[in-house]
Visitor: 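Before I ask anything, let me first share the structure, which is written out below as structure tokens.
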Amino acid sequence: NAGVMQNPRHLVRRRGQEARLRCSPMKGHSHVYWYRQLPEEGLKFMVYLQKENIIDESGMPKERFSAEFPKEGPSILRIQQVVRGDSAAYFCASSPRDRNEKLFFGSGTQLSVL
Amino acid sequence: GENVEQHPSTLSVQEGDSAVIKCTYSDSASNYFPWYKQELGKRPQLIIDIRSNVGEKKDQRIAVTLNKTAKHFSLHITETQPEDSAVYFCAASHNNDMRFGAGTRLTVKP
């Protein structure tokens, strides 16, 4: 079991471009969470998804940000028309289905917007 | 939704001393309370967790206590070592919806 895999580890975009962050949960996990972390700050909840469903997106900006977790393939966090303020580390975590269990985190994607 | 507050934001202790980090939560339905440690540039990793049917749990030098009535829980690290230096996050979860505190930066001075 390779754990939660995120790619890319580092992503550089110019203002106005699109950023796509990918997350493959641990095998057997059907719950995925995305968190954003600024330097010296905490983990800010963005969105919680189960397979093909968004359960809670209350932490995600309404504009430019979207997330999906399709039946097949990784979860994708998509940021359109990036701005400098989007620069942050984005962590994905997964947990087993139907249980209140600990989260396993990926290594994160460091997004830098020039 | 759940709101988790964590104190202090920074904590500096001498090697060998104890460290205590406290968290409060708002949703009385939350029933799972993990603690994560994040070293610089690394992913958060679980160090200990507690469920709402338990008041205290201990794992070697680390212990967590939970007061459901007051809706607060604490992390206790005894005999601190320099390698304990990191950022620690508490979290509260209900139905797999997990929210984190803002973190405590612990520095253990040799």
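Keep in mind the model is a prediction, meaning the values are calculated, not measured. The sequence lines fix the lettering, A, B, ..., with proteins before strands; numbering per chain opens at 1.
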Visitor: Between A/F91 and B/R43, is any pair of side-chain heavy atoms under 4.5 Å apart?
Guide: yes

Visitor: Count I, L, V, M, F, W, Y as connected when their side-chain heavy atoms are under 4.5 Å apart, and connections chain through other members. Are B/Y32 and B/I62 then in the same cluster?
Guide: no

Visitor: More than 12 foreign heavy atoms under 6.0 Å from CG of B/L40: is that the case here?
Guide: no

Visitor: Please state whether the side chain, the backbone, both or neither of B/Q45 comes within less than 4.5 Å of a heavy atom of chain A.
Guide: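 B/Q45 has no heavy atom closer than 4.5 Å to chain A.
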
Visitor: If you count heavy-atom pairs under 4.5 Å between each of A/E41, A/Q37, A/K44 and chain B, which one has the most?
Guide: A/Q37

Visitor: Nearest 0.5 Å please: distance from the CZ atom of A/F45 over to the CG atom of B/D97.
Guide: 5.5 Å

Visitor: Tell me whether A/L77 is reachable from A/V12 by hopping between hydrophobic residues (I, L, V, M, F, W, Y) whose side-chain heavy atoms are closer than 4.5 Å.
Guide: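 No, A/V12 and A/L77 fall in different hydrophobic clusters.
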
Visitor: Show which side-chain atoms of residues 17-25 of chain A pair as donor or acceptor with protein atoms under 3.5 Å away, not counting sequence neighbours.
Guide:
unit_1 : atom_1 : unit_2 : atom_2 : d
A/Q17  : OE1    : A/R14  : N      : 2.8
A/E18  : OE1    : A/R78  : NE     : 2.9
A/E18  : OE1    : A/R78  : NH2    : 3.0
A/E18  : OE2    : A/R20  : NE     : 2.9
A/R22  : NE     : A/N7   : OD1    : 2.8
A/R22  : NH2    : A/N7   : OD1    : 3.2

Visitor: Below 4.5 Å from any heavy atom of chain B, which atoms of A/S58 appear? Answer side chain, backbone, both or neither.
Guide: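 For A/S58, the side chain is the part near chain B, not the backbone.
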
Visitor: Are B/V64 and B/V20 grouped together when hydrophobic residues (ILVMFWY) are joined by side-chain heavy atoms under 4.5 angstrom apart?
Guide: no

Visitor: Other residues, nucleotides and ligands only: do more than 12 of their heavy atoms fall within 6.0 Å of CD on A/E63?
Guide: no

Visitor: Using a heavy-atom cutoff of under 4.5 Å, enumerate the residues of residues 99-110 of chain B that contact chain A, numbered in order, or state 'none'.
Guide: B/R99, B/F100, B/A102, B/R105

Visitor: Measure the OH-CG distance between B/Y36 and A/L43 for me, rounded to the nearest 0.5 Å.
Guide: 10.0 Å

Visitor: Tell me, side chain or backbone of B/P44 under 4.5 Å from chain A's heavy atoms, or both, or neither?
Guide: both

Visitor: Give a yes or no on whether B/E15 atom CD has more than 12 heavy-atom contacts from other residues, nucleotides or ligands under 6.0 Å away.
Guide: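 Enclosed: over 12 neighbouring heavy atoms sit under 6.0 Å from CD of B/E15.
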
Visitor: Counting heavy atoms not belonging to B/Q60, are there more than 12 under 6.0 Å from its CD?
Guide: no

Visitor: Tell me, do B/M98 and A/K102 make a side-chain contact under 4.5 Å, heavy atoms counted?
Guide: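 With C-beta onward as the side chain, the pair stays apart.
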
Visitor: For residues 71-78 of chain B, run the donor-acceptor check on the side chains, cut-off 3.5 Å, and write out each pair with its distance to 0.1 Å, sequence neighbours left out.
Guide:
unit_1 : atom_1 : unit_2 : atom_2 : d
B/K71  : NZ     : B/S26  : O      : 3.1
B/T78  : OG1    : B/R61  : O      : 3.3

Visitor: Which atoms of A/L103 are under 4.5 Å from chain B, going by heavy atoms: the side chain, the backbone, both sets, or neither?
Guide: both

Visitor: Please list all pairs passing the ring-ring contact (aromatic ring centres under 6.0 Å, His included) test where one or both residues lie in residues 47-75 of chain A, with sequence neighbours left out.
Guide: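 Output for this query lists A/H31-A/Y48, A/Y33-A/Y48.
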
